[in-house]
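Comments concern the structure below.
Sequence lines set the chain letters: A, B, ... in the order given, protein chains first and strands last, and positions in each chain run from 1. This one's a predicted model, so the numbers in the text were calculated from it and none came from an experiment.
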Amino acid sequence: MASQSSVPSIAATSVATAASAGAVVIETPAPPGSLQRTALRPVVILPLVGRSARHFVAIAVTILFGFPLVWMLSTSLKTGPEVFILPPRWIPWSFQVENYGYVWASPLFQRYLLNSVITVSATVLLQAVTVPTAAYAFAILRFPGRDVLFVLFLGAMMIPVQATIFPSFLLLSALRWVDTYLALTIPFGASAFGVFLLRQAFLSVPQDLVDAAKMDGARHLQILLQVLVPIARPMLLTFLLLSATWRWNDYFWPLVMTATPEMRTLPVGVAFLHSSEGPSRWHIVTAASVITIAPTLLLFAALQRQFVDGLTRTGIKG
Amino acid sequence: MILLTVFAYGPLVANALLSLTSWNLLSRSRAFVALANYERLLADPRFPLVLKNTAIYAAGVVSVSLVLGLALALLLERRLAGHGFYRTVVFAPYVTSLAAVALVWIWIFDPRFGVINSVLRSLLIPAPGWLTNPSWALLAVCIVAVWHTAGYMMVIFLAGLQNVPPVLHEAARIDGASATRAFWHITLPLLSPVAFFLTVTGLIVSVQLFDVVSVMTHGGPVDSTNVLAFYLYHRGFELFELGYASAIGMVLFVVVMLLTVMQVAAARYWVHYG
């Protein structure tokens with residue numbers, strides 16, 4: 001081990017020396033009284049590789065994970081024949097932005113895009129209403145059987161969609177909702193996961209605030225909107241963000257629930273595009289794919305913290 | 001106020017009901033044939049293959065993603081310059097639509113013109129037929145899945161690593177433990193709840209695999225990538241044997257339930273552990 005000192009309050013320099021030798025490095029908690037940087041507790045480094053080797057591996061990994069998306073973009077900017085040149089070229093000879101124009105101009109594609117936007121927006125809006133109210137019911141209100149109901153309700157979250165797809169389809173068929181926006185949005189209008197998350201958030205609000213509001217004569221709706229939701233807003237927004245992503249990317253449900261091409265959402269539509277355009281029109285298909293994944297990627301790029309936060313909450317329980 | 005709660009409940013109850021109905025109605029076709037569908041399922045020559053494919057896929061993808069996710073979480077930690085960028089790239093696949101990217105992967109795996117085979121050929125490694133070859137198609141699907149999921153596992157592990165108290169490591173260091181030992185005996189055990197959670201949920205998600213198979217291989221070639229969820233879809237919505245497909249659905253449901261129960265039972269155990 002490189003570090004000589006065994007005294008707990010170690011200065012940053014010895015930490016750096018230890019790091020370059022690839023040894024175990026810990027930044028010890030600051031002595032009492034100084035700024036508590038608890039939020040930035042670092043992680044242990046493995047002494048497997050030296051610093052530069054780490055960078056090398058990191059870059060290699062990045063290439064491995066990034067190349068499909070880059071390749072997708074690259075292919076989408078090539079001309080038809082250029083796609084088939086061997087060995088494959090990474091940088092297109094001419095940037096065929098026309099491919100995107102072609103895809104964009106296709107009325108069917110426009111329809112797919114519209115469908116996705118409409119269904120995802122509607123679903124998220126619905127959830128923005130049902131999730132807080134349900135969470136409120138489960139967190140604040142008291143009524144007999146509340147907790148049992150909650151457990152039952154959570155259980156519904158665990159059921160794989162394929163197990164219920166047939167009855168669902170039959171039910172929605174009978175309602176004549178299949179192949180309309182209704183079948184694509186309403187069943188997702190409530191989210192057990194969202195209620196679970198938001199209930200956690202509501203429960204963490206100090207009881208005093210809620211009591212104070214009640215004593216001021218606030219009605220339930222007011223308590224919800226003026227006290228709880230503002231406090232839990234980050235959680236709610238994070239959930240809605242994740243939910244929007246999942247809805248946008250959903251393939252199975254829209255595939256089953258749509259019959260006519262005009263009602264398909266983007267993921268389904270793009271998959272069909274592949275077979276309708278012919279399996280070799282890769283420059284077109286990739287352009288369509290890029291348009292499909294662009295919104296979620298951009299959303300992610302802009303709001304990374306929220307994404308990571310929300311997903312982490314699914315994992316770390318107590 | 002009560003109205004509000006009822007309104008909130010409505011969709012929720014509908015959802016729950018929808019799922020509950022499956023328990024009783026699933027194994028029926030037009031005529032109530034009781035367990036005939038299940039008998040057929042057991043006798044179906046394709047079914048064991050479907051189960052096998054699903055199992056191999058789930059086990060393979062979860063184990064590789066788990067290890068990869070952990071390795072990446074350890075590699076791309078905060079002291080490394082550019083760690084934020086690397087992490088973003090690794091995680092990005094998770095937010096993309098599997099169906100959309102699976103299309104591109106078809107092209108990437110193309111035996112003659114695809115990137116992968118070109119690289120392999122230039123390295124003088126034999127280039128397999130990937131999606132055209134029954135022995136390789138499942139591997140191709142697994143690769144796409146690992147690519148998609150490893151970033152998510154990395155992120156969860158990163159959060160888990162944050163929760164490892166530095167005090168423990170310091171104590172170990174003072175006691176003269178080497179870094180590797182510290183890892184094995186401190187970090188890893190403390191990460192095991194996270195790892196377990198990821199394993200079970202990973203398996204639950206994996207057995208429901210549908211998108212990639214539907215887009216990339218349609219179950220083929222020769223049923224080599226036919227997995228439970230896809231077989232269900234094929235039987236139900238392509239061959240319209242709803243009763244039979246529902247039986248498949250019940251199998252899937254039972255598998256997921258078993259995994260979920262494992263998860264819940266273990267969660268209780270871990271809570272005391274911490």
Please tell me if the side chains of [X] and [Y] come closer than 4.5 Å, counting only heavy atoms from C-beta onward.
X	Y	value
A:N249	B:L98	no
B:F210	A:L255	yes
B:V215	A:V270	no
B:I106	A:H274	yes
A:L297	B:T96	yes
A:R247	A:T185	no

For chain A, the option from B:V255, B:L103, B:V89 that forms the most heavy-atom pairs under 4.5 Å: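 Most pairs with chain A among the choices: B:L103.
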Between B:I248, B:I108, B:I204, B:T201, the one whose heavy-atom pairs under 4.5 Å with chain A are most numerous: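 Most heavy-atom pairs within the cutoff with chain A belong to B:I108.
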Report yes if the distance between the aromatic ring centroids of [X] and [Y] is under 6.0 Å, otherwise no.
X	Y	result
B:F91	A:F65	no
B:F109	B:W105	yes
B:W107	A:F84	yes

[X], part contacting chain B, at a heavy-atom distance under 4.5 Å:
X	value
A:T75	side chain
A:V83	both
A:W90	side chain
A:L64	backbone
A:F300	side chain
A:F272	neither
A:T296	both

For [X], is it the side chain, the backbone, both, or neither that has a heavy atom closer than 4.5 Å to a heavy atom of chain A?
X	answer
B:L198	neither
B:V256	side chain
B:T88	both
B:R112	backbone
B:Y86	both

Pair A:W253-A:V161, side chain to side chain contact (heavy atoms under 4.5 Å, CB included): steps then yes or no: CA-CA 8 Å; A:W253 187 271; A:V161 67; 3.8 Å; yes
Give the member of [options] that has the highest number of heavy-atom pairs under 4.5 Å with chain B.
options	result
A:F307, A:F252, A:W282	A:W282
A:V285, A:V290, A:V256, A:T292	A:V256
A:T286, A:L273, A:L69	A:L69

B:S214 and A:Y251 side chains, donor-acceptor separation under 3.5 Å: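 Present: a donor and an acceptor within the cut-off.
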